[in-house]
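Worksheet: one structure, shown below.
Residue numbering restarts at 1 for every chain, and letters A, B, ... go by the order of the sequence lines.
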Amino acid sequence: MSMGYGKDMRWLCGLLVLLVIAPPLLGNNYYLTVLTMCCLNAMIAVGLSLLVGHAGQISLGHAGFYGLAAYTTAVLSATLGVPVGLSMLAGVGVSAGVAALVGLPALKLKGHYLAMATLGFGVILSILFNETVELTGGPSGFTDIPRLALFGFEFTSDLAVYYFIILILGLVIWLSFNILHSRVGRALRALHTSEKAAQAMGIDIARYKLFIFVISAAFAGLAGVLYAHYLTFIAPASFGFLFSVQLIVMVVLGGMTSIPGSIVGAFFLTVLPEFLRAFESIEILLFGGILVLCMMFLPDGLAGGFDRLWRWVWRMLYVRRDKDQDTGEDTGEKTDQAGGGDHG
Amino acid sequence: MAEPTTGMKIETTAKPLLVCRDVGVRFGGLQALSGVNFEACQGEITAVIGPNGAGKTTLINAISGMVQAQQGAFRLGADDITRAQPHERSRLGLVRTFQNLEIFSNMTVLENVMAGCHARLRVPAWASLLRTRKSLAMEKTIRNEALEVLDFVGLFELAKYQARDLPFGKQRLLELARALAAGPRVLLLDEPAAGLNMSETQVLADLILSVRDHYRLSIVLVEHDMDLVMRISDQVMVLCFGQVISRGTPAQVQCDPGVISAYLGDDED
């Protein structure tokens with residue numbers, strides 16, 4: 001749980017700098033593709049972290065919003081010839097609009113029931129993508145989607161698309177931090193802990209649940225339209241139930257109430273299968289095993305784990321320096337340990 | 001339903017601020033409240049007492065809208081709030097606390113109270129989203145007002161702590177501070193002394209009295225602690241099996257034979 005807005009902004013700037021300088025260091029187009037997918041998944045995970053981690057509302061249907069936006073922009077731009085900029089806006093709009101319609105009744109449900117409702121919604125969309133063959137191309141996918149182009153400028157290289165995507169990702173993270181550090185964020189955390197008390201404080205809980213549901217669907221939609229115009233090919237398999245679950249795992253693995261955590265989770269879960277590919281037959285086993293170990297030993301998620309690791313390294317250096325100076329004092333180290341416990 | 005009004009009206013002390021008429025609440029076959037009339041005036045503390053299961057908390061729930069009364073009408077000042085949602089009632093100035101603490105444990109003490117200011121000091125959601133200058137100024141105002149309220153209840157020093165780390169007694173005070181931050185005209189306190197020791201109850205009693213005098217509120221107090229009720233209340237209403245069996249000043253109620261038998265018939269402690 002990050003506390004100060006300034007600290008969050010510094011973190012965001014650091015992340016953006018890393019992402020900007022990363023491509024030349026990778027040196028391989030395949031790695032750039034993986035990195036781009038990381039950024040897209042991070043975009044969805046951030047929105048989902050607001051919804052699940054902060055407002056406490058579970059969605060098992062976010063792959064649906066992701067896919068809905070992707071198919072909307074694909075059909076509009078490729079089939080109907082709408083300019084890409086407009087069709088992308090429409091895609092995000094449709095995702096947000098459908099979220100509003102679905103959320104209105106569904107968000108009256110709590111916990112497992114909300115999970116079931118959103119799960120059902122995701123499955124319905126998945127079936128639609130598969131079965132409306134004339135519109136979507138069915139299971140074999142939708143091909144020849146135009147590449148990303150805005151205001152007459154066509155993003156011909158993958159690198160240009162990548163930079164546009166990190167710009168949008170930065171915007172999404174900035175908006176998310178703004179929400180969390182405002183009265184809206186307080187209202188969300190309030191209704192997460194006690195809906196009754198939130199109501200007693202005059203917070204319209206139905207409205208705020210719907211608001212954050214729509215925002216998170218819009219973020220997923222943004223990722224969806226960018227995905228469609230980046231790969232120029234989409235297939236229903238990318239937007240199924242499995243991906244919805246993966247998204248939740250990203251948020252949980254990263255650290256439920258941490259925006260940086262959900263981003264780290266998204267990167268980790270996107271990159272890991274690529275690295276494990278070398279192990280071929282036991283790939284899935286290793287993947288599952290690593291997840292189990294993470295959940296067992298990192299209860300506050302990867303973000304909390306990194307935080308602790310960082311503290312540990314810092315402490316080791318500190319103690320080493322102390323020993324070099326040959327002072328037997330280690331009280332400072334102990335207070336640091338005590339003070340640092342609650343920041344994960 | 002009445003049109004939402006600004007809620008800024010001058011009340012005279014004599015005229016009741018909160019009026020409940022003929023309230024009936026039924027849970028399945030159990031009639032929790034029937035034909036209850038209740039009034040609370042500005043600047044007064046009105047206590048609701050009664051044996052266990054008399055329907056005291058149900059009355060608070062019905063007044064705050066958390067339980068829908070099947071029968072009866074509720075009026076706050078000039079507004080008919082019978083059909084209003086709980087958050088709408090809160091915005092009109094009807095704010096409650098809870099018997100089982102409902103603090104926001106995932107926030108700091110200060111944030112809890114700032115959340116209390118939510119409905120009173122507002123900017124549009126998009127302004128928060130874009131972090132406009134106006135929203136930042138509002139945030140500062142909220143922060144200062146929250147600190148003021150914390151100072152009033154004596155939790156100023158603890159503002160930075162996580163709410164869940166506070167001892168129970170302080171959490172009770174925090175809940176009171178959060179309710180005050182919401183700008184109530186009528187403050188409903190549901191067993192505020194439950195779980196407090198004698199000295200903490202003493203502090204609470206003084207605090208409730210100073211809240212009444214400082215904010216000129218109408219306070220409705222549901223309480224088991226008879227000492228506390230008799231010492232600070234201006235008016236007392238006694239409920240038994242969902243019906244009003246007595247009402248009046250503390251002295252009048254204490255002498256009422258009906259009240260004595262209701263309490264002696266129950267498990268006296």
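- Considering CE of A:Met201 and CE of B:Met114, their distance stands at 15.0 Å, rounded to 0.5 Å.
- One distance of note links NE2 of B:His87 with CD of A:Glu195; it measures 13.0 Å at 0.5 Å rounding.
- Here the NZ atom belonging to A:Lys196 is positioned 7.5 Å from the CE atom belonging to B:Met66, to the nearest 0.5 angstrom.
- Heavy atoms of B:Ala119 lying under 4.5 Å from chain A belong to its backbone as well as its side chain.
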(message) Assess the residue pair A:Asp204 and B:Gln85 against the criterion (side-chain contact (heavy atoms from CB on, under 4.5 Å)); give the C-alpha distance rounded to whole Å, side-chain angles, the decisive distance to 0.1 Å, and a yes or no.
(response) CA-CA 9 Å; A:Asp204 186 346; B:Gln85 295 277 315; over 6 Å; no
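- In this structure, the separation between CG on B:Asn106 and OG1 on A:Thr257 is 8.5 Å, given to the nearest 0.5 Å.
- Within a 6.0 Å sphere centred on OH of B:Tyr161, heavy atoms belonging to other residues, nucleotides or ligands number 12 at most.
- No other option in B:Met138, B:Glu175, B:Arg122 has as many heavy-atom pairs under 4.5 Å with chain A as B:Arg122.
- With a 4.5 Å cut-off on non-hydrogen atoms, B:Ser128 touches chain A through its backbone and its side chain both.
- Enclosure of atom OH in A:Tyr163 by more than 12 non-hydrogen atoms of other residues, nucleotides or ligands within 6.0 angstrom is indicated.
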(request) Would you please test B:Phe104 and A:Leu191 for side-chain contact (heavy atoms from CB on, under 4.5 Å) and show each step? (result) CA-CA 9 Å; B:Phe104 303 132; A:Leu191 72 88; over 6 Å; no
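- Within the 4.5 Å cutoff, no side-chain heavy atoms of B:Leu136 are placed close to those of A:Tyr5.
- Atom CH2 of residue A:Trp174 and atom CZ of residue B:Arg131 lie 9.0 Å apart, to the nearest 0.5 angstrom.
- With values rounded to the nearest 0.5 angstrom, A:Arg189 atom CZ is found 4.5 Å from B:Glu111 atom CD.
- The nearest pair of heavy atoms linking B:Leu129 to A:Asn178 is O-ND2, 2.8 Å.
- Of all non-hydrogen atoms in B:Ser90 and A:Ala200, the two that sit nearest each other are OG-O, 2.8 Å.
- Within 6.0 Å of atom CZ in B:Arg143, 12 or fewer heavy atoms from other residues, nucleotides or ligands are found, so the atom counts as exposed in its surroundings.
- The two residues B:Glu139 and A:Arg183 come nearest to each other via the heavy atoms OE1-N, 4.0 Å.
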Sequence neighbours left out, cut at 3.5 Å: what donor-acceptor pairs do the side chains of residues 94-108 of chain A make with other protein atoms?
from, atom 1, to, atom 2, distance (Å)
A:Ser95, OG, A:Phe65, O, 2.6

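- Side-chain atoms of A:Arg186 and B:Ile142, non-hydrogen and from C-beta on, do get closer than 4.5 Å to each other.
- In this structure, the portions of B:Arg178 lying under 4.5 Å from any heavy atom of chain A include both its backbone and its side chain.
- Residue A:Thr193 comes nearest to B:Ser105 through the heavy atom pair CG2-OG, 3.3 Å, listed as atom of the first residue, atom of the second, then distance.
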